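Data first, discussion second: the structure below is written as structure tokens.
Note that the structure is a prediction, hence the values are computed from the model and not measured. Naming: A, B, ... by sequence-line order, numbering from 1 per chain.
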Amino acid sequence: MAEERFTNIKEILDGQHTGKEIGIRGWVHRTRNIGKMVFLNVRDPTGVVQAMVSSDAVESFEEVKALLVESSVKLQGEVIEDKRAPGGFEIRVSDIEIVHAADVFPIQEDQSVEHLLENRHLWLRSTYMRDILTVRSTVFGAIHEYFRDNGYKEFQSPILTPLACEGGSTLFPVDYFDDEVYLAQSWQLYAEAAIFGLGNIYTIAPSFRAEKSRTSRHLTEYWHAEVEAPWLQFDELLELAEGMVCHVTKKVLEQDADEIKNLREGDIEYLEKVKPPFHRITYEEAISILQKSGMDVEYGADLGTPHERELTKIYDKPVFVTHYPKEIKAFYMKRAEDDSKVLGFDLLVPNVGELIGGSERETSIDSLEERLKEEDEDTSIYSWFLDTRRYGSVPHAGFGLGVERLVMWLCDLEHIRDAIPFPRTPSRYRP
RNA sequence: GCCGUCGUAGCUCAGUGGUAGAGCACUCGGCUGUUAACCGAGCGGUCACCGGUUCGAAUCCGGUCGACGGCGCCA
């Protein structure tokens, strides 16, 4: 190449270089071969532009003619505005360097879900995955930003842990020098110990669930955004969750408008309405609403997928469901004034269901021990955790959010596996 | 854990008892304005695996494996 200066393809498509001699580098997205002319659609992370290579303009014409899809190239030429070219602009190539002539690319137009998952490492090159992963990056950044701006410190807990947290059958066992430990499924119990020193804290960390959940909303390895704060009351907890979801949504709409429009087929009206306050209903109200709309549910049963779907259909925004009966929620949730209910909530959104689950935490050591025994947990393993209720126990609260579920909801994805680069599900751990 | 669908060429699929097929991809030939280019030719198979029924099985039966979809469980 005569000159080693390159521009982003998006700038060409925006008309910033029309009439000028420029260079680009990228990958061959598609080729069309007309004898003494070759059209290369060239992709970089910002877009796709057509390059026209004529036999009388380029010495290496025969090699260019033989290029296969996903070959990497550097090229330069004049940018011409031309309605015949896809995107309206074309580069008349004067010089081209073949960086690497690719083998036959395994992914073509017709693709099955399975084939794309087997070739996930190559499918990451698609516009679809690029758009999602761009949004995902913004989501992670926005979560950090929200908590830090609100005075929360980032705190890390161990991934290897002896704790079961919410029932032992859902953990991945790991051989720890002949002892059995588990991959963590939550940061929460360690966080409850940390708030006594640090105050308000949060994390974004991997969590692992060994449940064989065969649904479009479950991963065995997912990223878990969790928060824990001393003195925080139940209504403040809901506001914190609401604020975070709104902040992330706003940030994504600002920063990734193009990607979101691509992924949601232009439908961003719903996301633009995501502003406080969200709807708040109690479990009891939810049951009665569902019964009125003809669904078969009894008080005391946990809300199933069809029930959650029905509830999210009724409201134009995410909806909090609060005050569940204690029997269907985790041992660490604080009892409400009505002793049969807990100060816990789920935040439900369309297409995903439960996006966040959280609660005020039980502060009484006696209640905790009682609940652990009821669930046949070995209380000795929890003795360090119970210390948090022995030395200056305080009211506190927190929640956990599935980051992939948030991405799935924002991007309106059919399946959560597309919200993470290399998904892990009960039936897949490759590539 | 439960229910269901599927497995045939590199990819997407057709083929319901009688010699294994198509489109795309790839290779070769043609074409100076293509838009998932087009035209002609070629290459390409352990019909997932094991067993059974039958003169004969991709096809029917039993089992195994794998993937996908849904429920439950959860974030």
Side-chain angles (χ1 to χ4, degrees), chain A residues 29-41 48-57 61 65-66 68-70 80 82-88 90 92 102-119 122 165-167 169-171 185-188 204-227 241 301-309 328-330 345-349 352-358 398-409 414-417 419-420 425-428 430:
Chain A
H29 187 61
R30 210 184 293 291
T31 70
R32 283 180 295 277
N33 181 347
I34 321 283
K36 297 223 165 62
M37 272 170 95
V38 171
F39 294 95
L40 300 176
N41 291 6
V48 182
V49 70
Q50 174 163 290
M52 193 275 275
V53 185
S54 176
S55 63
D56 51 25
F61 183 74
K65 207 170 156 180
L68 298 182
V69 164
E70 289 302 319
I80 304 287
D82 190 328
K83 283 184 183 145
R84 292 173 298 183
E90 175 179 281
R92 303 280 162 82
D103 288 352
V104 180
F105 201 63
I107 300 176
Q108 306 167 30
E109 269 84 19
D110 291 322
Q111 308 127 339
S112 63
V113 168
E114 186 177 353
H115 188 67
L116 294 180
L117 286 170
E118 294 292 344
N119 291 283
L122 302 175
C165 185
E166 293 182 60
S169 62
T170 66
L171 295 152
Q185 58 172 310
S186 175
W187 159 96
Q188 180 190 326
I204 309 178
S207 273
F208 304 88
R209 301 280 164 103
E211 299 146 346
K212 288 192 174 171
S213 302
R214 279 213 56 86
T215 83
S216 58
R217 304 173 299 285
H218 286 86
L219 295 165
T220 53
E221 175 182 329
Y222 69 100
W223 287 76
H224 204 175
E226 294 180 271
V227 60
D302 209 351
L303 300 177
T305 303
H307 310 123
E308 291 179 348
R309 200 168 288 145
I328 57 175
K329 285 294 173 187
F345 76 91
D346 287 346
L347 181 66
L348 307 181
V349 297
V352 172
E354 190 176 339
L355 178 65
I356 300 180
F399 65 75
L401 166 138
V403 181
E404 285 78 13
R405 288 188 177 182
L406 181 54
V407 173
M408 181 185 176
W409 171 64
E414 279 176 23
H415 202 293
I416 197 170
R417 65 182 160 229
I420 187 168
T425 62
S427 58
R428 185 174 292 282
R430 280 189 275 251

Nearest to the side chain of [X] - [options]?
X: A/T215; options: B/G69, B/G72, B/A25; result: B/G72
X: A/R32; options: B/A67, B/U34, B/G33; result: B/U34
X: A/S112; options: B/C11, B/U34, B/C68; result: B/C11
X: A/E308; options: B/C68, B/G1, B/C74; result: B/C74
X: A/D56; options: B/G70, B/A75, B/U32; result: B/U32
X: A/Q108; options: B/G33, B/C74, B/C24; result: B/C24
X: A/H224; options: B/C74, B/A75, B/U34; result: B/A75

Could you work out the separation of [N] and [M] based on their [atom1] atoms and round it to a whole Å?
N: B/C11; M: B/G70; atom1: P; value: 24 Å
N: B/C47; M: B/C28; atom1: P; value: 30 Å
N: B/U59; M: B/G21; atom1: C1'; value: 15 Å
N: B/A57; M: B/C50; atom1: C1'; value: 15 Å
N: B/U19; M: B/U27; atom1: C1'; value: 28 Å
N: B/U16; M: B/A20; atom1: C1'; value: 15 Å
N: B/U64; M: B/G1; atom1: P; value: 14 Å
N: B/C65; M: B/G45; atom1: P; value: 29 Å

Is there a Watson-Crick or G-U wobble partner for [N] with both distances under 3.5 Å, and if so, which one is it?
N: B/U5; value: B/A67
N: B/G18; value: B/C55
N: B/A75; value: none
N: B/G44; value: none

With sugar-phosphate meaning primed atoms plus P, OP1 and OP2, does [X] contact a base, only sugar-phosphate, or nothing at under 4.0 Å between heavy atoms?
X: A/T220; answer: nothing
X: A/E90; answer: base
X: A/A85; answer: base
X: A/G304; answer: sugar-phosphate
X: A/P86; answer: base
X: A/S427; answer: sugar-phosphate
X: A/R309; answer: sugar-phosphate

Item to complete: Measure from the ring centre of A/Y222 to the centre of the six-membered ring in the base of B/A75, then say whether that distance is under 5.5 Å and the planes meet at under 30°.
Response: yes
Worksheet entry | Side-chain touch A/R417/A/V113, heavy atoms, less than 4.5 angstrom | yes
Can you measure from [atom1] ([X]) to [atom2] ([Y]) and round to the nearest 0.5 angstrom?
X: A/I356; Y: A/E226; atom1: CD1; atom2: CD; answer: 11.5 Å
X: A/Q188; Y: A/F399; atom1: CD; atom2: CZ; answer: 12.0 Å
X: A/W409; Y: A/L347; atom1: CH2; atom2: CG; answer: 8.0 Å

Worksheet entry | Any donor-acceptor N or O pair under 3.5 Å, side chains A/Y222, A/R209 | yes
Discussion item. Testing the 3.5 Å rule here: is there a donor-acceptor pair between the side chains of A/R30 and A/Q50?
Written reply: no
Interatomic distance where [atom1] belongs to [X] and [atom2] belongs to [N] [whole Å]:
X: A/R92; N: B/U32; atom1: CZ; atom2: C1'; value: 11 Å
X: A/N33; N: B/A36; atom1: CG; atom2: P; value: 16 Å
X: A/F208; N: B/C73; atom1: CZ; atom2: P; value: 24 Å
X: A/L68; N: B/A25; atom1: CG; atom2: P; value: 12 Å
X: A/N119; N: B/A25; atom1: CG; atom2: C1'; value: 14 Å
X: A/H29; N: B/A36; atom1: NE2; atom2: C1'; value: 10 Å
X: A/M37; N: B/U32; atom1: CE; atom2: P; value: 9 Å
X: A/L219; N: B/C74; atom1: CG; atom2: P; value: 17 Å

Once hydrogens and angles are ignored, does a donor-acceptor distance under 3.5 Å link the base of [N] to the side chain of [X]?
X: A/S213; N: B/C73; answer: yes
X: A/R217; N: B/C73; answer: no
X: A/Q50; N: B/U34; answer: yes
X: A/E211; N: B/G1; answer: no
X: A/R214; N: B/G72; answer: no
X: A/H115; N: B/C11; answer: no

Discussion item. With side-chain contact (heavy atoms from CB on, under 4.5 Å) as the criterion, how do A/L68 and A/V104 come out once you've worked through the C-alpha distance, each side chain's angles and the decisive distance to 0.1 Å?
Written reply: CA-CA 7 Å; A/L68 298 182; A/V104 180; 3.8 Å; yes
Discussion item. For A/S112, is there any backbone N or O sitting under 3.5 Å from a side-chain donor or acceptor partner on A/H115?
Written reply: no
For [N], does either OP1 or OP2 sit under 4.0 Å from a side-chain N or O belonging to [X]?
X: A/S216; N: B/G69; result: no
X: A/R417; N: B/A67; result: no
X: A/T305; N: B/G72; result: yes

Worksheet entry | Upstream residue (5' side of RNA chain B) when A/I328 and A/E414 are each assigned their closest nucleotide | A/E414
Worksheet item: Can we say A/E118 and A/R428 salt-bridge, meaning some charged N sits less than 4.0 Å from an Asp/Glu carboxylate O?
Response: yes
